[in-house]
Amino acid sequence: MQDAWSTYIAERAVKQRHTGRWRHRRTRHPSDGCHDFAGNDYLGLAGDPRLAEAQAAGARRLGAGGRASHLVSGHLAVHEALEARLAALTGRPAALLFSTGYMANLGTLQALCDPDTRVFQDRLNHASLLDGARLAGARSRRFHHGDLGDLERLLARAPHDGRRLVVSDGVFSMDGDVADIAALAAISASHGAWLMVDDAHGLGVLGEIGDGCVGRAHGVERVPVLVGTLGKALGSAGAFVAGSQALVEHLIQFARPYVYTTAQPPGVAAATLKALELLEAEPERRTRLATLIARFRLEATTLGLPLAASTTPIQPLVLGDSERVMRWATRLAERGIMVGAIREPTVPRGQARLRITLSAAHTDADLEALLEGLADCRARESLAGEEAGP
Ligand SMILES: Cc1ncc(COP(=O)(O)O)c(C=O)c1O
């Protein structure tokens with residue numbers, strides 16, 4: 001006879017498979033010859049040997065492990081140096097390092113909010129932002145994606161007691177569009193709310209110096225809470241929250257995912273410092289990325305592919321239904337091309353998509369292979385009279 005846990009696990013598995021939501025992992029090696037259009041390594045720094053060398057040198061000097069939490073004995077000079085560099089990059093007085101972006105968002109919302117806080121989130125915000133508000137027990141409302149009128153309406157209607165926080169992704173991870181930071185900041189200020197932006201996908205890519213879609217253009221008085229992640233364009237791992245000294249101090253005191261976790265291994269912090277050095281020294285990475293984005297969009301338009309209105313390295317092709325997305329992704333995989341196959345519940349029903357991401361590390365041949373693969377998917381679909389979708 002099955003015990004209650006086995007039954008529960010088996011039933012959840014059946015339901016997950018039945019609804020087409022079963023998730024798979026693929027084991028691969030970064031140099032397996034695949035054309036990788038699924039990652040977030042936008043500047044091609046993750047595979048740069050100089051980051052690996054910096055990481056190894058950091059580990060040799062300071063140890064491979066994080067040893068203890070930051071508040072016990074894990075906080076080293078290399079973490080302090082990295083926080084200072086991140087604060088300078090984003091034009092903020094201070095920054096606090098977290099081990100992952102998920103934890104940075106969870107910890108920040110948990111430390112700032114409580115059941116008396118009113119949180120206003122873009123409907124397409126990252127799961128970690130939604131989970132953070134839930135963890136805090138905050139009163140959350142979600143506004144229609146990018147709909148500033150809807151946000152204004154919700155703010156105007158909500159009682160004016162207590163603290164209010166407007167929360168948005170900077171670059172939306174599944175759509176690639178960029179939030180209107182200036183407008184969000186103005187609306188938040190006029191309704192007495194703070195603005196928190198998670199610029200996980202903008203940092204390193206957008207802004208004059210790769211400081212992201214918030215960065216120096218929108219100072220701490222306009223965007224008091226800024227989150228950036230380090231495992232995407234910066235090619236290493238971890239995340240940070242940048243803002244006033246008082247905000248950082250508050251997080252050190254109250255953000256449980258900061259307090260109760262082991263510090264980031266020092267080698268990882270050393271690798272991120274190297275990435276920041278390369279971000280400044282090699283602006284051609286961003287120029288190359290911009291060229292690839294422009295070429296992809298031009299040629300995809302010529303092929304009649306359902307491009308989204310994105311100018312960032314995230315270039316989704318919204319194919320509609322999940323089966324169609326899986327068909328295209330499988331056909332591309334047969335050609336050695338990896339793309340993200342994104343389905344419900346990550347995106348709303350009927351908006352399943354191929355999430356194609358571009359990187360400065362892609363060669364012209366990589367891009368041509370992708371475009372040929374996509375053209376082939378399209379042609380085979382027409383031949384077979386398969387569902388063409390939008
Ligand atoms: C917008 C956004 N925020 C936060 C995260 C989480 O960051 P991390 O992977 O460092 O946990 C992600 C994705 O991973 C993301 O897309």
Side-chain angles (χ1 to χ4, degrees), residues 23 25 36 38-43 45-46 51 66 79 82-83 86 90 95-110 119 121-135 142 145-146 165-179 181 184 195-207 212-215 223 225-242 251 255-258 261-265 268-269 271-272 275-276 308 310 312-316 340 342 345-347 353 355-359:
R23 301 174 195 265
R25 299 186 302 176
D36 183 357
N40 303 312
D41 177 26
Y42 305 126
L43 297 178
L45 285 169
L51 264 69
H79 299 123
L82 178 54
E83 288 177 345
L86 292 166
T90 54
L96 184 72
L97 199 55
F98 281 76
S99 296
T100 71
Y102 189 92
M103 284 173 42
N105 284 335
L106 216 58
T108 302
L109 285 156
Q110 169 263 310
V119 177
Q121 303 235 23
D122 188 291
R123 200 165 274 284
L124 296 190
N125 276 353
H126 190 258
S128 53
L129 295 167
L130 307 179
D131 293 355
R134 214 173 286 148
L135 180 66
R142 290 165 82 176
H145 175 51
L165 186 67
V166 173
V167 184
S168 180
D169 278 16
V171 173
F172 288 86
S173 53
M174 295 300 135
D175 292 70
D177 55 333
V178 186
I181 303 296
L184 283 171
L195 174 61
M196 169 177 178
V197 177
D198 171 5
D199 203 14
H201 296 274
L203 192 85
V205 174
L206 303 178
C213 73
V214 176
V223 184
V225 189
L226 170 60
V227 177
T229 64
L230 308 170
K232 303 186 194 310
L234 290 174
S236 61
F240 67 96
V241 181
L251 297 178
R256 294 169 67 86
Y258 180 78
T261 200
T262 301
Q264 185 180 68
V268 177
T272 311
L276 290 169
S310 161
T312 67
I314 302 168
Q315 291 291 327
I342 312 293
T346 306
V347 292
R353 63 198 63 189
R355 180 177 183 268
I356 292 169
T357 51
L358 299 168
S359 163

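Start at 1 and go down the list; that is how both ligands and their atoms are numbered. Reckoned from all heavy atoms, side chains included, excluding hydrogens, waters and symmetry mates. These figures come from a predicted structure and were not determined experimentally.
Heavy-atom contacts of Y102 reach the following atoms of ligand 1: 6 (C), 7 (O), 8 (P), 11 (O) (cutoff under 4.0 Å). Near T229, with a cut-off below 4.0 Å to any heavy atom, the atoms of ligand 1 are 7 (O). Within ligand 1, the atoms closer than 4.0 Å to a non-hydrogen atom of S173 are 16 (O), numbered from 1 in the order shown. Which parts of ligand 1 touch G101 is read off a 4.0 Å heavy-atom cut-off, strictly below it: atoms 6 (C), 7 (O), 8 (P), 10 (O), 11 (O).
Between A200 and K232, the shortest heavy-atom distance links the atoms O-CD, 3.6 Å. Shortest non-hydrogen contact noted between G238 and Q264 is CA-NE2, 3.5 Å.
The main-chain N or O of G231 is never found under 3.5 Å from a side-chain atom of T229 such that the two would form a donor-acceptor pair. The backbone N or O of L97 lies less than 3.5 Å from a partner atom in the side chain of E83, making a donor-acceptor pair.
The side-chain contact (heavy atoms from CB on, under 4.5 Å) with F172 is formed by just one residue from the set I314, V178, N125; it is N125. When each of N40, V347, T346 is tested with R355 by the rule side-chain contact (heavy atoms from CB on, under 4.5 Å), just one qualifies, namely N40. Screening V227, V167, T100 for a side-chain contact (heavy atoms from CB on, under 4.5 Å) with N105, the sole residue that qualifies is V227.
Under the side-chain contact (heavy atoms from CB on, under 4.5 Å) criterion, A95 pairs with L86, A87, F240, A242, not counting sequence neighbours.
Contact annotation: for T100 versus ligand 1, heavy atoms closer than 4.0 Å belong to both the backbone and the side chain. Residue-level proximity to ligand 1 for K232 is carried by the side chain, the only part with a heavy atom below 4.0 angstrom.
In this structure, atom 5 (C) of ligand 1 lies nearest to the protein heavy atom H126 CE1, 3.5 Å. The shortest contact between atom 16 (O) of ligand 1 and any protein heavy atom is with H201 NE2, 2.6 Å.
Heavy-atom proximity to atom 2 (C) of ligand 1, evaluated over V197, N125, D198, is greatest for D198.
For ligand 1, the polar-atom distance check finds no N/O of D169 at less than 3.5 Å from any of the ligand's N/O atoms. Residue V171 has no N or O atom closer than 3.5 Å to an N or O atom of ligand 1.
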